[in-house]
2 protein chains.
Amino acid sequence: MSKYGRKYTHAVIATDVVVFTIKDEKLQALLIKMKKPEFRGYWAVPGGLVKGEEGLETAAFRHLSEKTGMRGVYIEQLQTFGDPKRDPFGRVVSVAYIALVSWDKHELKTSEQYGGVAWFPIAGLPKLAYDHEEIVRMAATRLKAKIEYTNIVRGLLPRRFTLTELQRAYEIILGKVIDKRNFRKKILETKIIKEVKGKISSGAHRPARMYRFVVDKPQAVEML
Amino acid sequence: MSKYGRKYTHAVIATDVVVFTIKDEKLQALLIKMKKPEFRGYWAVPGGLVKGEEGLETAAFRHLSEKTGMRGVYIEQLQTFGDPKRDPFGRVVSVAYIALVSWDKHELKTSEQYGGVAWFPIAGLPKLAYDHEEIVRMAATRLKAKIEYTNIVRGLLPRRFTLTELQRAYEIILGKVIDKRNFRKKILETKIIKEVKGKISSGAHRPARMYRFVVDKPQAVEML
DNA sequence: GGCGTTGGTGTATATAATACACTCAATATG
DNA sequence: CATATTGAGTGTATTATATACACCAACGCC
């Protein structure tokens, strides 16, 4: 038993993961539908309690896998939310994480205890349980900030992608159009991506060159 | 009793506050000397467990006040540390905060349970308990990053200060010398500071104009 | 083979960042 | 009280970076 076992009414620790993707030309977040009668009609960010000797990230991965079927994604810590009243049923402190995925790489399936799992555009979220709306908003803000000085966008794209796809990701997250020539100049200067053999024909037009990220770990980069 | 009361061996929540100041031309952190025999010779970042219905920031302020005598400082969340082995005596998840203070504004006094409280230069820390060395390192890194695009530096300075003092704060945190004319041009362009009446004579030279921060809340700013 | 569609490229201009040296006003000194 | 010393305060020229902008290429489709 912990040395710290009995002095206080303790809070419980949970993790929540805000999973973003770009789908239908929109930034979307992954939500699960709550089944408990107290939360009828509400959705939530996938997450749950941290077990005894389990690390925070481990717990985040476990709940993500159990509740959405997702595995093998990168997560990074967003912020910890600890308002004593954030959960009406007890004192839960939640460590929130962000993940970015290419939505077509993951088959979604949730467990019995939830009513479904689905993508929702950031502009157009359903009713969210607890303080999850605040969490998602903060995650979107952080994403928007970090895309300008890190290679965080890599999570959203498949291993091989075109410059136009990459540019669309930036445009959607930043919410503004970017000049094609300037974008290409800058992104190639950073050296975070690299051309790879092969072209892709995706319609009645000239085929596009393919690129990949040079490093797939997070790193800070001067950009845009 | 919490609905979440009995399912797991729960972790306990703590907060730790890395307090920075600039003193003797160096970036320094506030540490308390541990008294418990298990930690003889070790120092630690001021912090402690969060009580039942207490908010995270409230707990951080309370421990800071109890263990160092400091009150009325700004804190902002750094990151949450939750490695199951970070505390050898039990599972403690720590939410770490950063605070920046003007050291001469606070009289230091610690409680009976600690052996003392003192400032230590970042380069030259004593042995730190738990994972507090990692916490302090990360706090310093974050500070260095944020000083470039926020008004975070305001906490380090007295209400009224000279441009040279402000520049020294930037130089010490960034670890590089800055051109005086360019610094003044840029910092005044941002409009985060404003000249105030009165000059200060501090030696055998022309007296300096005084400035103050326009807003004393955190804000993002384009800078340096 | 002509049309529609997206891929791919360079240059000129404007803005921002950097490098750089002297005078000013106070105190200290002989 | 004349002179030296010290940090305060100021502007411009140069370089680097960011922005604005238009046409041809390669494919599919009819």
Side-chain angles (χ1 to χ4, degrees), chain A residues 22 24-25 144-145 147-150 153 157-158 160-212 220-224, chain B residues 22 24-25 144-145 147-150 153 157-158 160-212 220-224:
Chain A
I22 289 181
D24 303 334
E25 300 277 294
K144 196 167 166 176
I147 200 178
E148 303 233 33
Y149 64 92
T150 71
V153 72
L157 297 170
R160 295 155 28 93
F161 53 87
T162 70
L163 290 181
T164 301
E165 287 166 352
L166 181 61
Q167 184 176 340
R168 282 302 292 144
Y170 275 87
E171 289 179 333
I172 289 164
I173 291 168
L174 294 173
K176 67 178 185 192
V177 297
I178 303 172
D179 178 85
K180 202 208 299 190
R181 282 179 286 193
N182 294 338
F183 176 79
R184 287 168 181 235
K185 205 186 309 170
K186 279 246 280 277
I187 206 80
L188 290 171
E189 267 170 12
T190 65
K191 300 280 172 54
I192 62 169
I193 61 169
K194 174 181 173 180
E195 191 176 348
V196 75
K197 258 201 276 283
K199 299 193 176 189
I200 187 164
S201 265
S202 61
H205 55 85
R206 178 174 177 173
R209 296 179 184 174
M210 305 294 290
Y211 292 80
R212 67 171 178 83
V221 182
E222 192 72 21
M223 214 178 319
L224 299 194
Chain B
I22 288 181
D24 304 332
E25 301 276 295
K144 195 167 166 175
I147 200 178
E148 302 233 33
Y149 64 94
T150 71
V153 72
L157 298 169
R160 293 155 27 95
F161 52 87
T162 70
L163 290 182
T164 301
E165 287 166 351
L166 182 61
Q167 182 176 342
R168 282 303 292 145
Y170 275 87
E171 289 179 332
I172 289 163
I173 290 168
L174 294 174
K176 66 178 187 193
V177 298
I178 302 173
D179 179 85
K180 201 207 300 191
R181 281 179 288 192
N182 294 338
F183 176 79
R184 285 166 183 237
K185 205 186 308 170
K186 279 246 280 279
I187 206 78
L188 291 170
E189 267 170 13
T190 66
K191 300 282 173 52
I192 63 169
I193 60 170
K194 176 181 171 178
E195 190 176 349
V196 74
K197 257 201 278 281
K199 298 194 180 192
I200 187 164
S201 263
S202 60
H205 56 86
R206 179 175 177 174
R209 296 178 184 173
M210 304 294 288
Y211 292 80
R212 67 169 177 84
V221 181
E222 192 72 21
M223 212 178 320
L224 302 195

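Only heavy atoms go into these numbers, but all of them, side chains included; no hydrogens, no water, no symmetry mates. In the text below, chain A, chain B and the rest are named by the order of the sequence lines, each starting its count at 1.
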Quiz item: Would you say T162(B) and R209(B) make side-chain contact, with heavy atoms under 4.5 Å?
Solution: no

Quiz prompt | Flag side-chain contact, heavy atom, 4.5 Å: R184(A) against I178(A) | solution = no

Hey, could you give me the [atom1]/[atom2] distance between [X] and [Y], rounded to the nearest 0.5 Å?
X: I172(A); Y: Q167(A); atom1: CD1; atom2: CD; result: 10.5 Å
X: L163(A); Y: L188(A); atom1: CG; atom2: CG; result: 6.0 Å
X: I192(B); Y: L166(B); atom1: CD1; atom2: CG; result: 7.0 Å

Self-check item: With I200(B), the side chain to side chain contact (heavy atoms under 4.5 Å, CB included) member among R160(B), M210(B), E165(B)
Solution: M210(B)

Self-check item: Derivation of the side-chain contact (heavy atoms from CB on, under 4.5 Å) call for T190(B) and E222(B)
Solution: CA-CA 7 Å; T190(B) 66; E222(B) 192 72 21; 5.9 Å; no

Quiz prompt | Pair K186(A) + E189(A): basic N to acidic O under 4.0 Å | solution = no

Exercise. Assign a letter to each nucleotide of nucleotides 1-9 of chain C from its 5' end: B, base within under 4.0 Å of a protein heavy atom; S, sugar-phosphate only; -, no contact.
Key: ---BBBBBB

Quiz item: Does anyone know the first and last nucleotide of DNA chain D in reach of chain A, 5' to 3', at under 4.0 angstrom to a heavy atom?
Solution: dA18(D) to dG28(D)

Practice problem: Specify the residue among E189(B) and D179(B) whose closest nucleotide of DNA chain C lies further upstream toward the 5′ end. | Solution: E189(B)

Quiz item: If you pin K186(B) and N182(A) to their nearest nucleotides in DNA chain C, which one's is more 5'?
Solution: N182(A)

